[in-house]
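For reference, the structure is listed below as structure tokens.
Everything quoted here is computed from the prediction, not taken from an experiment. The sequence lines fix the lettering, A, B, ..., with proteins before strands; numbering per chain opens at 1. FYI, side chains are in, hydrogens and waters are out, and symmetry mates aren't considered; it's all heavy atoms of this structure.
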Number of protein chains: 2
Amino acid sequence: MAVVTAPLAKDMFDPLCPSDLNPIRVGDKWAGMIVRCLELGPARFSQLRVPLTGITAKVLTKSLRALERDGLIRRAAGEYSLTPLGRSLLGPLDAACAWTREHWDELLDAREGLYPH
Amino acid sequence: MAVVTAPLAKDMFDPLCPSDLNPIRVGDKWAGMIVRCLELGPARFSQLRVPLTGITAKVLTKSLRALERDGLIRRAAGEYSLTPLGRSLLGPLDAACAWTREHWDELLDAREGLYPH
DNA sequence: AGGTCCGGTTTCCAAACGGATACCGGATAT
DNA sequence: ATATCCGGTATCCGTTTGGAAACCGGACCT
């Protein structure tokens, strides 16, 4: 999950941002990003596919159903939106993002073996 | 990951605590619990296996290697301990646990279809 | 009637994950 | 010398995950 940049920043989903470095994840691979995409307001299926570059319809459907089942998002009139519960997740999510942003260099160094080794 | 109870509480790893309800996860299935186990001090391989009921040696090894590779834990003299980086993760981890603890009922209700449905 | 878009579902497939089990090398105890 | 424990590793296997691609029903346009 891309957590390094501010919400909905242009490069939030930049493939060059190896977000799987982030040890903190929300739900499945895409759930965190989906919640983030809905932060500013409801969105439709095809709208979500734009920022979530590379996601297939099947996987998006599955992630959405899981989020819906858990009461984090809601579907109404063809639009997905955060429930209050989902919205309340934004706080911890931001905390997680802040942590990763803050320790990005260390994570990178560790992966490259520059750390203790 | 078991997040409902306080760190190292007796039932932290109670199988009856369906911790996969928690949408926030750290690393792989066991990583969060491992970090939590090391919170109070270093531990050896076999010590870790006690609270992590059911984990096999192979999986524990793999999780430990991943945490080590990412610079979150360190291995020295047969003991695993948190690095400063790993320790810094405890904050967001606690935040995530607090969130889940706080919204446990809602999560449960959603899963049972008692929510909007 | 035919074409297009939207919001999916279905099928197929490869890779990753996690568990069970057996094995193994070094240290220590007997 | 043998047995045991510790800290793993190797092998096998079933399940899950996620991607590619094809298909599909309803709405809408023309």
key: Atom pair distance, as rounded to whole Å: NZ in B:K62 and P in C:dA20   = 15 Å
request  = May I ask you to evaluate whether A:K29 reaches the phosphate of D:dG19, defined as a side-chain N or O under 4.0 Å from OP1 or OP2?
outcome  = yes
query = What integer distance in Å separates A:D28:CG from D:dG18:C1'?
reply = 10 Å
key: Atom pair distance, as rounded to whole Å: CH2 in B:W30 and C1' in C:dG18   = 9 Å
request  = With sequence neighbours excluded, tell me which residues meet salt bridge (Lys or Arg N to Asp or Glu O under 4.0 Å) with B:R44.
outcome  = none
request  = Hey, could you give me the CG/CD1 distance between B:L48 and B:I55, rounded to the nearest 0.5 Å?
outcome  = 8.5 Å
request  = For A:R75, check salt bridge (Lys or Arg N to Asp or Glu O under 4.0 Å) against everything at least two apart and list the hits.
outcome  = A:E68
Distances under 3.5 Å between protein N/O atoms and the N/O atoms of nucleotides 4-9 of chain C, please, pair by pair.
{"unit_1": "C:dG7", "atom_1": "OP1", "unit_2": "A:R44", "atom_2": "NE", "d": "2.8"}
{"unit_1": "C:dG7", "atom_1": "OP1", "unit_2": "A:R44", "atom_2": "NH2", "d": "2.6"}
{"unit_1": "C:dG7", "atom_1": "OP2", "unit_2": "A:S46", "atom_2": "N", "d": "3.3"}
{"unit_1": "C:dG7", "atom_1": "OP2", "unit_2": "A:S46", "atom_2": "OG", "d": "2.6"}
{"unit_1": "C:dG8", "atom_1": "OP1", "unit_2": "A:R65", "atom_2": "NH2", "d": "3.3"}
{"unit_1": "C:dG8", "atom_1": "OP1", "unit_2": "A:R75", "atom_2": "NH1", "d": "3.0"}
{"unit_1": "C:dG8", "atom_1": "OP2", "unit_2": "A:Y80", "atom_2": "OH", "d": "2.8"}

query = Between A:D94 and A:R101, is there a side-chain N and carboxylate O pair less than 4.0 Å apart?
reply = no
ask   = Got a sec, which residues hit side-chain contact (heavy atoms from CB on, under 4.5 Å) with B:A66, two or more places apart in sequence or on another chain?
value = B:R69
task = Report the distance from atom CD1 of B:I55 to atom P of D:dG7, rounded to the nearest whole Å.
result = 14 Å
ask   = Who pairs with A:S46 by side-chain contact (heavy atoms from CB on, under 4.5 Å), at least two apart in sequence or on another chain?
value = none
